[in-house]
Participant: 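Dropping a structure here in structure tokens format, bear with me for questions.
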Amino acid sequence: MRFRSVLVANRGEIAVRVVRACRELGIRTIAVYSTADRDAVHDRLGDEQVHIGPAPARRSYLNAAAVIEAALQRGAEAVHPGYGFLSEDPDFAAACAENGLTFVGPPPEVIGRFGDKAAARAAMGEAGLPILPGTGTAVEEAEARAAADDIGYPVIIKAVVGGGGRGMEIVTGPDAFAAAYRRTRETARLLFGDDRVCVERFLTAAHHIEVQVLCDDHGNAVHLGVRDCSAQRRRQKLVEESPSPVVGPELAERIAAAALRGARAAGYRGAGTFEFLLDAESRDFYFMEANCRIQVEHPVTEMVTGVDLVREQLLIAAGQPLSMRQEDVRPYGVAVECRINAEDPDRDFVPAPGPLTEFVPPGGPFVRVDTHAYPGLTVTPHYDPLIAKVICWGPDRETALDRMDRALAELRVAGPGVRTTTAFLRELIAHPLFRKGVHTTSLVDLVVAERRPQPTWSTT
Amino acid sequence: MRFRSVLVANRGEIAVRVVRACRELGIRTIAVYSTADRDAVHDRLGDEQVHIGPAPARRSYLNAAAVIEAALQRGAEAVHPGYGFLSEDPDFAAACAENGLTFVGPPPEVIGRFGDKAAARAAMGEAGLPILPGTGTAVEEAEARAAADDIGYPVIIKAVVGGGGRGMEIVTGPDAFAAAYRRTRETARLLFGDDRVCVERFLTAAHHIEVQVLCDDHGNAVHLGVRDCSAQRRRQKLVEESPSPVVGPELAERIAAAALRGARAAGYRGAGTFEFLLDAESRDFYFMEANCRIQVEHPVTEMVTGVDLVREQLLIAAGQPLSMRQEDVRPYGVAVECRINAEDPDRDFVPAPGPLTEFVPPGGPFVRVDTHAYPGLTVTPHYDPLIAKVICWGPDRETALDRMDRALAELRVAGPGVRTTTAFLRELIAHPLFRKGVHTTSLVDLVVAERRPQPTWSTT
Amino acid sequence: MNDQESPLDQLRRTAAALLELSPSPPSGLRLRSGDLSVEVDWAEPAPVAAVGRTAVSATVGATAEEPAAAPVAVRAPLLGTFYRAPAPEAPPFVALGDRVEVGQQIGIVESMKLMNPVESEVAGEVVEVLVADATAVEYDQALLMVATDRAGGGCAEVFGGGERP
Amino acid sequence: MNDQESPLDQLRRTAAALLELSPSPPSGLRLRSGDLSVEVDWAEPAPVAAVGRTAVSATVGATAEEPAAAPVAVRAPLLGTFYRAPAPEAPPFVALGDRVEVGQQIGIVESMKLMNPVESEVAGEVVEVLVADATAVEYDQALLMVATDRAGGGCAEVFGGGERP
């Protein structure tokens with residue numbers, strides 16, 4: 001069985017991505033848009049469009065009631081949430097079900113379980129996944145201190161409900177602990193209105209490794225290899241690739257097996273990503289969190305495996321069994337993705353949106369571009385600054401990176417006030433540490449520091 | 001060893017394609033352009049540009065002296081001819097060598113040998129390739145008649161020096177022979193100033209099957225599977241795919257083996273294509289001709305094999321051995337290419353060039369676009385009407401075709417006077433015979449005939 | 001105004017008047033005569049922005065001649081089902097020709113089984129009803145048109161209402 | 001207004017009046033007559049547009065005000081190496097200030113070891129030599145500038161010469 005119609009509860013490139021998968025399956029699509037996107041709506045975003053609210057996301061793309069009402073109004077059978085916005089909101093997933101709509105994603109209770117990072121780690125620990133030594137749950141100062149001592153410094157103190165790199169502090173030795181502990185609680189209280197904090201080991205040099213899994217309703221679960229997302233700035237991924245240059249086949253198998261064990265234990269369904277930190281020295285890996293949605297970087301996995309992940313999401317949600325078994329998944333070559341953001345790397349990556357007077361994507365062999373942009377689009381300041389993803393494949397990593405540099409050089413984005421990260425990304429992937437493939441999560445800060453600011457009137 | 005600099009002796013999408021391969025290899029590129037293309041020159045066509053002559057091709061892109069002088073002037077080490085123009089001119093290939101330039105293609109004598117179609121078939125016949133029963137060389141009426149009788153009707157009478165579907169006539173029975181024979185000689189004399197004709201069997205229902213080969217200077221020769229180019233209009237290919245829907249692995253192996261035998265016998269070097277006709281009834285296949293150049297449709301082979309053919313051309317010409325052995329070539333899935341021409345399908349495919357006020361290529365998963373077009377380009381009437389190639393891959397043919405239909409629907413091309421074949425191509429690939437994959441070379445005429453003309457103001 | 005005056009002269013005179021609206025010198029100026037039309041650009045405008053500005057100057061021109069207010073749309077405050085009456089049998093909140101005051105309820109939008117009153121933001125006469133009873137409406141969809149008492153309304157309409165960024 | 005006045009005269013008169021509206025000199029000026037229409041641009045317009053527009057207005061200006069001819073380029077008939085003299089030691093075919101006649105040889109372009117004479121297509125005085133002796137030149141590259149006797153040359157230059165389609 002296939003859906004006849006799907007409402008795409010998102011915007012930008014991922015909305016286009018979902019619509020493409022739907023069209024290739026013959027599914028009618030309904031797009032929703034806010035007033036900020038009113039002039040940017042076009043048929044790549046859906047066969048029908050519904051204006052659901054004003055620019056502020058909480059009144060439009062985060063407005064569960066408006067999205068569900070729109071789905072009912074237009075007779076959608078299912079809702080695909082994309083990433084961000086409502087994609088990992090268990091209440092929204094539940095509300096879809098209550099209104100007879102199929103939510104394309106895991107069951108609400110699974111989303112809820114992984115939403116609480118501390119609880120999720122505890123659960124995955126019980127399931128046998130390696131987790132970072134730590135208190136797991138909230139601890140008072142004395143207990144925290146004791147924990148830190150036997151975990152061994154450096155440790156990180158972080159808000160239980162925190163995220164996005166805020167409300168956390170690294171402590172390098174016992175003397176600094178007490179002050180850091182109190183500061184973090186205070187910050188947590190201000191930021192999240194919840195001052196509970198936990199303590200765990202801090203890895204000074206780590207690689208971000210994640211596993212893509214697919215699970216259906218018939219007990220089938222497969223992994224599609226690992227992605228390396230170590231090139232991050234303030235926990236925002238800039239460049240992702242598959243496989244990982246620092247993870248050999250044997251280690252990749254062990255990490256993937258751990259992810260599948262976790263997925264099965266959690267009763268996972270759909271496409272999901274299990275994130276791990278790989279200690280650059282000890283080569284030990286630790287489960288960090290699981291993302292119950294399609295990821296921005298999913299195309300690198302698609303290019304090495306030939307599997308259309310969004311198509312699989314839609315088929316799984318419709319109750320179909322996976323289209324492949326584990327032995328059918330044979331990754332070939334290397335794929336790299338660069339995120340083109342409307343940000344100015346020379347001014348601390350401040351958003352630099354505006355009207356696009358020029359937009360010419362790269363093309364040619366083994367180059368893929370996912371974007372909602374076109375000449376004449378005005379990039380709005382209201383939402384995430386991602387305007388395009390450039391993905392390149394090669395039989396080996398060097399060829400893939402040479403191709404990426406060529407593709408980024410081809411990309412033309414220009415407009416009054418518009419800046420992009422393109423030039424910065426070319427420098428990043430040309431950096432010796434990245435080229436060698438030995439970079440850790442600290443690479444981007446290093447490149448930013450090394451970099452001489454240079455005026456970039458356009459990214460060309 | 002790699003070239004430091006290559007002159008690209010071509011224009012349009014294939015010039016962009018060659019430049020991309022060069023850039024990924026770190027090779028400096030020199031573009032040549034005619035006055036007709038002066039406003040269309042941009043850096044995707046080369047790091048440097050040289051104005052070599054006026055609009056008429058014979059004074060610019062076909063002007064061997066100007067091209068070689070430009071290569072010497074700019075210090076190019078090699079010349080890549082692309083397809084068409086000078087790509088299969090043995091004198092040009094020889095002149096490059098005489099001037100110390102490496103011609104990216106087979107040796108002049110090989111190009112010359114395959115240039116004479118009749119001689120080429122005789123040679124390939126001797127090499128053990130199956131060829132259509134026929135006289136091979138020129139015959140007088142009596143001998144021709146006798147030949148026709150024992151070949152068996154229908155036969156085709158064609159000019160020895162002919163080509164492009166002109167100067168040939170099909171004869172269905174003995175009574176019509178004499179008149180047809182004289183008419184063909186007369187036509188041949190008028191068209192080619194050479195009235196020699198030969199006679200061979202005519203296949204009423206055939207598939208166009210071709211084999212991609214790569215040969216280096218070290219005795220290595222591999223094939224990269226077959227392409228099916230049966231969707232042709234007046235011998236112009238419109239849609240190509242790999243593998244062929246009518247050729248199973250075993251038959252494909254036999255055809256490929258024949259191609260390799262021919263390539264070895266001819267002392268072939270570089271990328272080449274051996275074309276065969278497959279009799280739809282008897283399933284017998286016959287060598288027709290070999291093309292000593294990269295083909296327009298090469299991307300479908302690249303998408304199923306992961307091999308960058310233009311890159312291989314450049315490495316082979318630089319004296320390097322092939323980067324793969326036959327057992328390394330493992331085609332996966334199905335790739336289809338559609339040629340987007342600036343032609344009006346509703347007015348017998350008359351060229352419909354003009355300024356592009358809108359050009360938005362398709363994108364997303366498993367979609368590749370090769371084009372020199374961008375918003376603002378004026379498509380010139382002086383040369384071939386190809387403005388873009390859309391190539392789609394899928395794990396199976398149905399998925400690839402669903403994806404192609406989605407991609408063609410996304411493509412936006414518009415401008416005063418501009419028409420494209422996009423809408424026609426969507427109808428063509430939706431035709432039951434094409435979808436089933438049982439179409440022969442007569443499909444396009446059939447679709448043209450079935451088709452109700454419809455106004456297409458744009459191809460969107 | 002002098003009837004003998006040629007269209008072009010009218011346009012030029014209008015342009016001159018418009019230029020006084022800004023201290024800075026113009027960067028572009030277009031007159032036409034088929035259907036009249038004046039366009040003035042100041043500084044270097046972003047291509048997109050230019051359109052907006054033109055629209056505005058055009059309206060300024062319009063209001064200059066006939067000060068009568070353009071009707072204003074009362075729009076849906078959220079997406080849902082629009083009801084013109086409090087109950088199936090009941091008479092509509094407002095009908096064509098009725099006068100509405102600021103804050104007066106003109107209908108209901110039902111969303112997720114909640115009834116949300118729709119109130120007019122302007123005072124004036126209902127000159128058009130755009131949406132029938134029990135019809136699905138989008139956010140910001142025009143429900144009915146009101147000929148306002150104040151010309152100010154004209155601008156709201158020019159700028160398309162809603163929360164266009 | 002005078003009814004006899006031609007549309008073009010009206011346009012020119014209007015344009016002249018409009019120019020007084022800004023202190024800075026115009027960068028572009030377009031008149032039309034079908035349905036009339038005047039367009040004036042000041043300050044720097046979009047780079048691309050600028051080229052075309054400036055060129056055109058220049059031509060209009062030239063033919064209208066000063067009938068003196070703009071210099072014309074003598075261009076390379078083919079790609080190769082340009083020689084100003086018949087031999088290394090010999091004096092150049094033409095020098096700055098020389099007068100050239102139509103058909104007079106002004107240099108040689110060597111291509112594939114063949115010497116091709118370059119002849120002037122116009123008569124006049126050599127006011128600029130653009131390419132040094134023994135220099136690589138492209139097809140249609142300007143070699144030297146000639147101030148022609150005939151104004152006609154001006155247009156050829158404005159439109160770039162060559163065989164632009």
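All values derive from a computational prediction rather than experimental measurement. Sequence lines set the chain letters: A, B, ... in the order given, protein chains first and strands last, and positions in each chain run from 1.
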Participant: Check each atom of A/E98 against the heavy atoms of chain C and say whether the ones under 4.5 Å are side chain, backbone, both or neither.
Facilitator: neither
Participant: Measure distances from C/Q141 to the heavy atoms of chain A and classify the residue's part below 4.5 Å as side chain, backbone, both or neither.
Facilitator: neither
Participant: Could you check whether any side-chain heavy atom of C/L79 comes within less than 4.5 Å of a side-chain heavy atom of A/H51, counting everything from C-beta outward?
Facilitator: no
Participant: By a 4.5 Å heavy-atom criterion (distance strictly below it), what part of A/E69 contacts chain C: side chain, backbone, both, or neither?
Facilitator: both
Participant: About how many Å separate OH of C/Y139 and CZ of A/R38, when rounded to the nearest 0.5 Å?
Facilitator: 8.0 Å
Participant: Please list, in residue-number order, every residue in residues 124-138 of chain C that has a heavy atom less than 4.5 Å from any heavy atom of chain A; write 'none' if there are none.
Facilitator: C/A136, C/V137, C/E138
Participant: Which atoms of A/A70 come close to chain C, meaning under 4.5 Å heavy atom to heavy atom: side chain ones, backbone ones, both, or neither?
Facilitator: both
Participant: How about residues 80-99 of chain C versus chain A: which residues have heavy atoms under 4.5 Å apart?
Facilitator: C/G80, C/T81
Participant: Would you compute the distance between atom CG of A/N63 and atom OG of C/S111 and round it to the nearest 0.5 angstrom?
Facilitator: 7.5 Å
Participant: Name the region of A/N99, side chain, backbone, both or neither, that has any atom closer than 4.5 Å to a heavy atom of chain C.
Facilitator: side chain
